[in-house]
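One structure is given below, encoded as structure tokens.
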2 protein chains.
Amino acid sequence: MNKKVTLTVQALQRMPYYLQYLRKAKEQGIESVSSTSIAKDLKLNDVLVRKDLAAISTTQGKPKSGFAVNELIDNIEDYLGYNNTMDAVLVGVGSLGRALLGNDEFEKYGLNIVAAFDTDESIVNQIISGKQVFPLKRLKGLVKRMHINIGIIAVPGEFAQDVADLLVGSGIKAIWNFSLVKLKVPDHVLVQDENLAASLAKLSLHLRDEMEKN
Amino acid sequence: MNKKVTLTVQALQRMPYYLQYLRKAKEQGIESVSSTSIAKDLKLNDVLVRKDLAAISTTQGKPKSGFAVNELIDNIEDYLGYNNTMDAVLVGVGSLGRALLGNDEFEKYGLNIVAAFDTDESIVNQIISGKQVFPLKRLKGLVKRMHINIGIIAVPGEFAQDVADLLVGSGIKAIWNFSLVKLKVPDHVLVQDENLAASLAKLSLHLRDEMEKN
DNA sequence: ACCATATCGATAGTGAGATATCGATATATC
DNA sequence: GATATATCGATATCTCACTATCGATATGGT
Ligand SMILES: NC(=O)c1ccc[n+]([C@@H]2O[C@H](COP(=O)([O-])OP(=O)(O)OC[C@H]3O[C@@H](n4cnc5c(N)ncnc54)[C@H](O)[C@@H]3O)[C@@H](O)[C@H]2O)c1
Ligand SMILES: NC(=O)c1ccc[n+]([C@@H]2O[C@H](COP(=O)([O-])OP(=O)(O)OC[C@H]3O[C@@H](n4cnc5c(N)ncnc54)[C@H](O)[C@@H]3O)[C@@H](O)[C@H]2O)c1
């Protein structure tokens, strides 16, 4: 059924933007869109957009009109797995952890946080945004029993590696890492870093460059 | 004084990791490190590390011993501008906004949030994590008066573009965007997207690939 | 003092990803 | 119905980040 396509990482990361554009178009009653219009809106090259869409689309685009909006939406949602949700556990219910727990948009993107864990006694057993907070020692059992394969790390940097080890030991397949620490994990485990320090580095450099111009 | 080096974006984003490694080494009393050991620890190619460091280092590395830890730390901090802090304003004091306001690590990375803005009357005029929350209509005046050049967007997607326009109109030079919306801004304004949907896409695909293996 | 070797910098090679070009085709217009 | 054109897919080209290779050199061990 599925075309065996291997999208590049970058192409993959563009998909949510395409989806956003397509959904907006759909709302406006538009039935087909061209790669050029998408490209213009997202400030991308039109050939690039065409290649990306060709990779995940079940049907071809038509000359003059473009691609069918509804179909493309389905294709992308399918490809990104927005339909079969991924279960995850969150470790570290601090200010960031709470924000993540309360983020109702994740569902739309196929992520479902089933439980949270913390070491702080005063937080444990609370229910936050409808999710129960368990003591850390119950993590392994719960993850194994429920066959969870994503762990979200939102603990301070000094504990991040320990938590990662625990998650890996519990059979997790991927880690979403919000700490700034580079984690050491086995090769089969994916670590997706959400490193704000790296982003800040880009901001800083851009500003310096702008200053030098003037 | 400064060597006129143009690091690639990727190299730039690796710098915080190097810094982390170097600081840890320093704590342990290590005075010089080799590119190979850094590479091994961070799972990078050693030549890549060498090139990155050569680009920002004032002195060369020595055969057999490597690079001087203290000096490298200074060089990187200098390069990333951790010494002269960047002032920023935050727009949207919801659960994410609060987490960002309360994040005391930003200072270390050269970012200083000087004020926050929100439209919600019940939040306005509060002081959260030591930062005052102002009504949105006071943004322009304050940004101009204080010569702020970074705006952080943490409002729901549907308002993100409006806020971006306001920020741009106030003379901001860079936007740190936590919403999932692709913003339209003039060319001279940098938008650093912190798009969780793109990250989730990567996680999703990895999991599917892992499943297919078994 | 000598040699083995870890590390360096420089240069060349590779590969992923983005862009440019071109012929084909569906649709709108006259 | 003929014609113009926007859009498509395929192929070729270009770009640039990363990697591999190699000779040079400082340092530690014998
Ligand atoms: N606050 C932010 O805006 C922000 C943004 C991006 C990334 N981060 C990163 O996310 C992490 C958490 O940030 P925060 O601001 O929420 O910190 P926080 O101090 O508010 O929360 C940390 C939580 O982790 C818990 N914890 C500590 N050790 C634990 C362990 N071993 N197992 C389980 N739970 C443990 C603590 O009890 C606390 O509840 C940090 O690494 C930070 O760098 C924070
Ligand atoms: N919660 C998370 O974990 C998380 C993580 C990453 C990104 N995001 C994104 O960050 C944004 C905010 O998320 P949140 O969970 O904090 O939402 P939230 O609803 O908790 O907070 C949004 C805040 O923005 C304020 N606001 C609304 N319109 C505004 C305007 N025009 N000007 C100023 N303030 C305005 C609201 O009053 C509210 O305080 C969203 O775009 C979300 O997708 C959230």
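Since we're looking at a predicted model, the values are computed, not measured. Below, chain A is the first sequence line, B the second, and so on; all start at residue 1.
Atoms CZ (A/R50) and C1' (D/dC8) sit 6 Å apart, rounded to a whole Å. Separating the CG atom of A/D46 from the P atom of D/dG9 is a distance of 12 Å, rounded to the nearest angstrom.
A search for ring-ring contact (aromatic ring centres under 6.0 Å, His included) contacts involving B/F106 returns B/W176, not counting sequence neighbours.
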Give every pair of a protein N or O atom and an N or O atom of nucleotides 4-6 of chain D that lie under 3.5 Å apart, one pair per line with the distance.
| residue | atom | partner | partner atom | Å |
| --- | --- | --- | --- | --- |
| D/dT5 | O2 | A/K64 | NZ | 3.3 |
| D/dA6 | O4' | A/K64 | NZ | 3.1 |

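Separating the CZ atom in B/R208 from the CG atom in A/L80 is a distance of 8.5 Å, to the nearest 0.5 Å. Atom CD1 of A/I152 and atom CD1 of A/I175 lie 11.0 Å apart (nearest 0.5 Å). Here A/F67 contributes atom CZ and A/S34 contributes atom OG; the two are 9.0 Å apart, rounded to the nearest 0.5 Å.
For residues 39-52 of chain B, the set of pairs meeting the side chain to side chain donor-acceptor pair (under 3.5 Å) definition, not counting sequence neighbours, comprises A/K184-B/D41, B/R14-B/D52, B/Y18-B/D52, B/S35-B/R50. Among residue pairs with one or both ends in residues 81-107 of chain A, those qualifying as side chain to side chain donor-acceptor pair (under 3.5 Å) are A/D78-A/N83, A/D87-A/N112; sequence neighbours excluded.
For the helix from C/dA1-D/dT30 to C/dC30-D/dG1, the end axes, each set by the C1' atoms of five terminal pairs, are bent relative to each other by 20° (nearest 10°).
Donor-acceptor pairing under 3.5 Å is recorded for the side chains of B/Q161 and B/D165. A donor-acceptor pair shorter than 3.5 Å can be found between the side chains of A/E71 and A/T59.
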Classify every nucleotide of nucleotides 12-19 of chain C by which part a protein heavy atom approaches to under 4.0 Å, writing B for the base, S for the sugar-phosphate alone and - for neither, in 5'-to-3' order.
-> -----SBB
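The backbone N or O of A/K131 lies less than 3.5 Å from no partner atom in the side chain of A/S129, so there is not a single donor-acceptor pair.
Between B/E77 and B/K108 there is no salt bridge, since no side-chain N of the basic residue sits under 4.0 Å from a carboxylate O of the acidic one.
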